[in-house]
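To start, the structure itself, in structure tokens.
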Amino acid sequence: MMLTRLANVAALVVMPFVLTGVINRVKSLWSGRKGPPVLQLAYDVRRLFQKSSVYSTTSTPLFRVAPYVFLATAVGSALIAPLLGSTPLASFQLDFVWFAYVWGLGRVAIMLAALDTGSSFEGMGAAREAVFSSLLEPALFLVTGALSFVGGRRTLHEALAPHLHAGASAFVWGAAVVAMLIVLQVETARMPVDDPTTHLELTMVHEVMILDHSGPDLACIHLGSAIKLFVGASIVATLLNPWAGSGGAACATANLALTLAAGVVIGTIESLVARLKLRSVPQYIVIALAAGAVALLATVWRVEGLE
């Protein structure tokens with residue numbers, strides 16, 4: 001048990017930087033460039049922590065606290081996520097509710113900080129984020145609820161382990177994979193929902209909300225975003241991991257490999273797929289909502305079939 005906890009801590013410390021670096025390297029290879037080092041984000045975060053933050057005269061203490069709340073919520077979600085495909089650092093009954101709400105709390109903190117600046121651009125980004133999250137959270141609850149019911153499990157890491165012993169279970173699993181991939185893209189502001197490298201304020205969503213942050217505050221946001229990316233990719237990897245829930249080196253190795261594979265897929269998508277129009281993003285998120293609803297209906301069908 002202690003070895004498993006240490007492995008989870010090590011993965012939480014290292015993998016957010018590695019996964020982000022893999023995505024950036026894949027994007028560079030697709031464009032014919034060598035690309036930055038895999039650990040470039042770690043160097044950037046260290047550099048930002050060595051600087052001082054600059055604050056606008058219109059901002060309040062809320063603006064200063066929000067980045068640290070965002071980082072704390074990202075770490076809080078990582079504590080109950082199966083980073084290595086098995087037992088997480090913490091677990092309790094119905095912890096997937098905690099997972100959804102700590103992600104929501106971090107999102108709200110960044111949105112409030114954006115509104116606190118008094119900037120119309122950042123307020124525009126916060127409004128877009130609010131619209132997207134209002135559709136995304138029900139999809140997350142539908143998927144986790146369906147997985148919990150179909151497997152008879154009440155904790156996140158147990159519910160995510162594949163249970164493909166029946167046709168309905170396989171259908172729920174497939175719908176969950178589709179929904180969680182979209183949740184990952186939206187929550188981490190990746191293509192085709194958002195472009196993390198854009199510099200055009202009118203099309204930004206996440207990046208426009210953090211334009212006024214600098215120094216350690218910006219480092220906390222970058223680090224929190226990388227942790228959320230790793231957590232989301234780990235959840236998708238656990239859904240795809242045939243050894244999920246068994247523990248051991250094979251399970252952890254497979255989960256880390258699948259997490260990196262998810263990073264390769266994300267980098268490839270961002271290189272080959274154009275960003276969606278803003279009015280099309282809610283329609284894209286509705287796909288996750290529909291997949292979650294289908295998963296829940298398939299669960300009901302299975303339960304009625306057993307009766």
Side-chain angles (χ1 to χ4, degrees), residues 4 6-51 67 70-71 74-75 77-79 81-85 88-89 106 180-181 183-199 206-207 210 213-241 249-273 275:
T4 301
L6 290 176
N8 274 277
V9 171
L12 178 58
V13 172
V14 176
M15 284 301 295
F17 302 110
V18 174
L19 182 59
T20 304
V22 167
I23 293 174
N24 292 333
R25 181 60 66 89
V26 169
K27 291 168 64 177
S28 299
L29 292 175
W30 274 108
S31 61
R33 298 179 290 111
K34 180 181 178 181
V38 173
L39 296 178
Q40 182 61 50
L41 178 63
Y43 306 143
D44 293 340
V45 168
R46 183 184 65 179
R47 173 175 52 82
L48 288 171
F49 271 120
Q50 293 173 347
K51 295 184 176 182
F70 180 73
L71 177 59
V75 174
S77 67
L79 294 178
L83 304 179
L84 298 178
L89 291 169
M180 289 308 302
L181 282 172
V183 169
L184 172 61
Q185 291 174 326
V186 178
E187 281 285 356
T188 57
R190 313 302 305 196
M191 294 279 280
V193 176
D194 194 10
D195 186 357
T197 61
T198 184
H199 297 287
H206 174 74
E207 292 298 320
I210 62 174
H213 291 283
S214 59
D217 295 352
L218 186 58
C220 287
I221 294 175
H222 285 330
L223 183 56
S225 298
I227 292 174
K228 285 183 67 177
L229 176 63
F230 173 51
V231 169
S234 297
I235 289 176
V236 175
T238 303
L239 284 170
L240 299 173
N241 188 353
C251 175
T253 303
N255 222 70
L256 290 176
L258 288 168
T259 300
L260 293 176
V264 173
V265 171
I266 292 172
T268 302
I269 291 174
E270 294 190 359
S271 301
L272 303 180
V273 178
R275 177 180 171 174

[atom2] on [Y] to [atom1] on [X], rounded to 0.5 Å:
X	Y	atom1	atom2	value
Thr268	Ile23	OG1	CD1	10.0 Å
Leu71	Ile221	CG	CD1	10.0 Å
Phe230	Thr20	CZ	OG1	10.5 Å
Ser234	Leu258	OG	CG	10.0 Å
Met15	Leu229	CE	CG	9.5 Å
Lys27	Ile266	NZ	CD1	10.5 Å

Beyond-backbone contact of [X] with [Y], side-chain heavy atoms, under 4.5 angstrom:
X	Y	answer
Pro36	Ser28	yes
Leu39	Val18	yes
Ile235	Val231	yes
Asn24	Gln40	no
Phe17	Leu223	yes
Met180	Leu239	yes

Heavy-atom closest pair, residues [X] and [Y]:
X	Y	result
Cys251	Gly85	SG-O, 3.5 Å
Leu84	Ala11	CD2-CB, 4.0 Å
Leu48	Ala219	CB-CB, 3.6 Å
Leu41	Ala226	CD2-CB, 3.5 Å
Ala233	Leu184	N-CD1, 3.8 Å
Ala81	Pro88	O-CB, 3.3 Å

| query | What residues form a ring pair (Phe, Tyr, Trp, His ring centres under 6.0 Å) with His206, not counting sequence neighbours? | reply | none
| Donor-acceptor under 3.5 Å (Thr253 side chain, Ala250 main chain) | no
| Is there a donor-acceptor pair under 3.5 Å between the side chain of Arg47 and the backbone N or O of Gly215? | no
| field | Step-by-step side-chain contact (heavy atoms from CB on, under 4.5 Å) determination, Gln185 to Ile269 | value | CA-CA 10 Å; Gln185 291 174 326; Ile269 291 174; 3.9 Å; yes
| field | side-chain contact (heavy atoms from CB on, under 4.5 Å) evaluation trace for Leu256 with Leu260 | value | CA-CA 6 Å; Leu256 290 176; Leu260 293 176; 5.6 Å; no
| said: Under a 3.5 Å threshold, yes or no: a donor from one side chain and an acceptor from the other, between Thr188 and Arg190? | reply: no
